[in-house]
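Throughout, protein chains are lettered first and strands after them, A, B, ... in sequence-line order, and every chain is numbered starting at 1.
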Number of protein chains: 2
Amino acid sequence: MARAGLTTAGLTRAGAELADEVGFEQVTVSELARRCGVSVPSLYSHLASSRDLKTRIALFALEELADRAADAVAGRAGRDALVALGNVYRDYARQHPGRYAAARFRLDPQAAAGSAGARHSRLTRAILRGYRLGEEDQTHAVRLLGGFFHGFVDLELAGGFGHSVPDSQQSWQRSLDALDALLRNWPPAAQGPSGR
Amino acid sequence: MARAGLTTAGLTRAGAELADEVGFEQVTVSELARRCGVSVPSLYSHLASSRDLKTRIALFALEELADRAADAVAGRAGRDALVALGNVYRDYARQHPGRYAAARFRLDPQAAAGSAGARHSRLTRAILRGYRLGEEDQTHAVRLLGGFFHGFVDLELAGGFGHSVPDSQQSWQRSLDALDALLRNWPPAAQGPSGR
DNA sequence: GTAGTTTGCCTAATGCCTTTAGGCAAATGC
DNA sequence: GCATTTGCCTAAAGGCATTAGGCAAACTAC
């Protein structure tokens with residue numbers, strides 16, 4: 001039986017493409033096998049399980065996204081960098097909705113530890129160098145931005161900002177404006193316990 | 001054959017509970033049937049499909065969440081309302097991770113139109129009354145907050161802010177502080193095209 | 001080049017999930 | 001009470017995930 005020349009990396013890439021075509025949720029070992037012209041069980045020579053496939057696609061997407069983010073923010077600072085970084089996430093999600101969903105896949109702790117997640121965090125932290133934030137507030141800001149980027153993009157992709165005025169592109173821009181202003185005027189920590 | 005007394009609403013609630021137990025992704029018609037003590041095909045008297053079940057659970061969760069949000073913001077304004085609203089989302093997600101995930105399920109346009117999604121939007125808009133924002137900027141702020149609430153909570157739940165310092169509770173509080181400050185000092189629209 | 005070993009492909013098989021069809025009897029309506 | 005509707009069941013079919021074992025290509029060592 002001639003070998004089809006499959007590799008784990010190749011299957012991961014094919015899986016990522018399939019994800020963008022049919023949606024990450026619809027990616028199956030069976031469909032991938034059909035796409036590669038081999039029988040379903042053959043894929044188990046290269047993949048441990050369906051979950052293994054999804055994990056690999058997720059890691060691939062996170063890496064790809066981090067590479068784009070790194071390129072986009074290189075040589076930029078302050079507001080320029082903030083906009084560039086945010087746009088990377090939004091553009092990637094719109095160009096590659098399946099991969100973007102994959103990047104949101106719940107990884108097990110071990111896989112997560114080896115993922116590009118930390119790169120994303122570092123890149124976000126890097127753009128904050130253009131703002132005057134203390135160590136701790138920088139971490140808060142990283143998480144705020146991370147949450148906003150992901151949340152806005154996810155809601156938008158899900159149609160949450162559907163065809164209503166103003167369009168979501170404007171909201172995106174104004175949100176980035178607002179966040180830039182916020183980062184330039186980050187409020188000091190309150191004196192006592194605040195709320196909960 | 002005695003009737004088990006199943007109803008669509010009852011199955012939806014049982015499905016929501018199952019979601020919190022095993023995770024929304026693991027909810028199946030088969031498991032629900034086992035839980036109710038009936039055969040799998042029996043459920044098709046009350047549910048159109050597995051997707052119908054998930055859609056119903058999603059609508060249920062969105063409604064439940066909107067009720068909680070309405071209660072929490074009633075009689076509050078400004079920063080107090082902002083914190084209360086944000087906390088509803090975060091608390092719900094932590095208490096009911098499966099239902100929260102269900103609330104994020106991609107509904108088809110028809111189901112989405114009849115969902116509590118618009119209530120959520122209105123509630124967020126309502127808390128913004130305590131801030132001086134123009135009509136359009138209010139919408140931008142609704143989307144920014146919606147994105148942040150969802151994004152932060154989702155990343156947190158996924159372990160994205162794992163056991164590192166400062167803990168995510170502090171980041172949550174500081175983020176709400178920051179957003180309150182932002183809303184009180186919302187930047188005016190820039191003169192010309194900004195960025196993209 | 002040859003022999004032994006490893007590896008990647010296949011088919012068969014198993015089990016789980018989703019769904020449909022048709023039968024039977026409980027429940028409902030007149 | 002009778003006719004109709006409805007909710008339960010079993011049987012069946014198809015799809016997906018996965019394992020086991022066989023065969024031959026590919027690799028390694030001498």
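Rounded to an integer number of Å, the gap from A:R51 CZ to D:dT18 P is 11 Å. As rounded to whole Å, 16 Å separates atom P of C:dT19 from atom CD of B:E31. A straight line from CG of A:L47 to P of C:dC9 spans 11 Å, rounded to a whole angstrom. Taking atom CG on A:L43 and atom P on C:dG8, their separation rounds to 12 Å, with Å as the unit. For the pair B:Y44 OH and D:dA11 C1', the computed distance is 16 Å after rounding to whole Å. Atoms CG (A:L6) and P (C:dT7) sit 16 Å apart, rounded to a whole Å.
Considering only side-chain N and O atoms, B:R34 lies under 4.0 angstrom from the phosphate OP1 or OP2 of C:dC17. For A:H46, no side-chain nitrogen or oxygen approaches OP1 or OP2 of C:dT7 to under 4.0 Å.
Aromatic ring pairs are classed by plane angle as parallel below 30°, tilted from 30° to 60° and perpendicular above 60°; the pair A:F149 and A:Y89 is parallel.
A:R125 and A:T139 share a donor-acceptor pair across their side chains, judged by distance under 3.5 Å alone.
Nearest nucleotide to the A:V40 side chain, out of C:dT11, C:dC9, D:dT18: D:dT18. Distance from the side chain of B:A4 is smallest for D:dC8 among the nucleotides C:dT11, C:dT18, D:dC8.
A:S50 comes within contact range of the sugar-phosphate backbone alone, with a heavy-atom separation under 4.0 Å but no base atom that close. Base contact: B:S30 has a heavy atom under 4.0 Å from a base atom. Among the heavy atoms of the strands lying under 4.0 Å from A:V38 are primed sugar atoms or P, OP1, OP2 only; no base atom is included.
Of the two residues near DNA chain C, B:S49 and B:M1, the one whose nearest nucleotide lies more 5' is B:S49.
For B:F161 and B:F152, the ring centers sit closer than 6.0 Å to each other.
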Does the pair A:H96 and A:Y92 meet the rule for a ring pair (Phe, Tyr, Trp, His ring centres under 6.0 Å), with working shown?
CA-CA 6 Å; A:H96 301 293; A:Y92 187 79; 5.3 Å; yes

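With sequence neighbours excluded, the residues satisfying side-chain hydrogen bond (donor to acceptor under 3.5 Å, both in side chains) with B:E21 are B:R35.
You'll find a donor-acceptor pair under 3.5 Å spanning the side chain of A:R3 and the base of D:dA25, going by distance alone.
In this structure, A:Q95 places its CD atom where more than 12 heavy-atom neighbours from other residues, nucleotides or ligands lie under 6.0 Å away.
Residues from residues 8-28 of chain A lying near DNA chain C, meaning a heavy-atom separation below 4.0 Å, are absent.
For the pair B:D177 and A:H140, the minimum side-chain heavy-atom distance is 4.5 Å or more.
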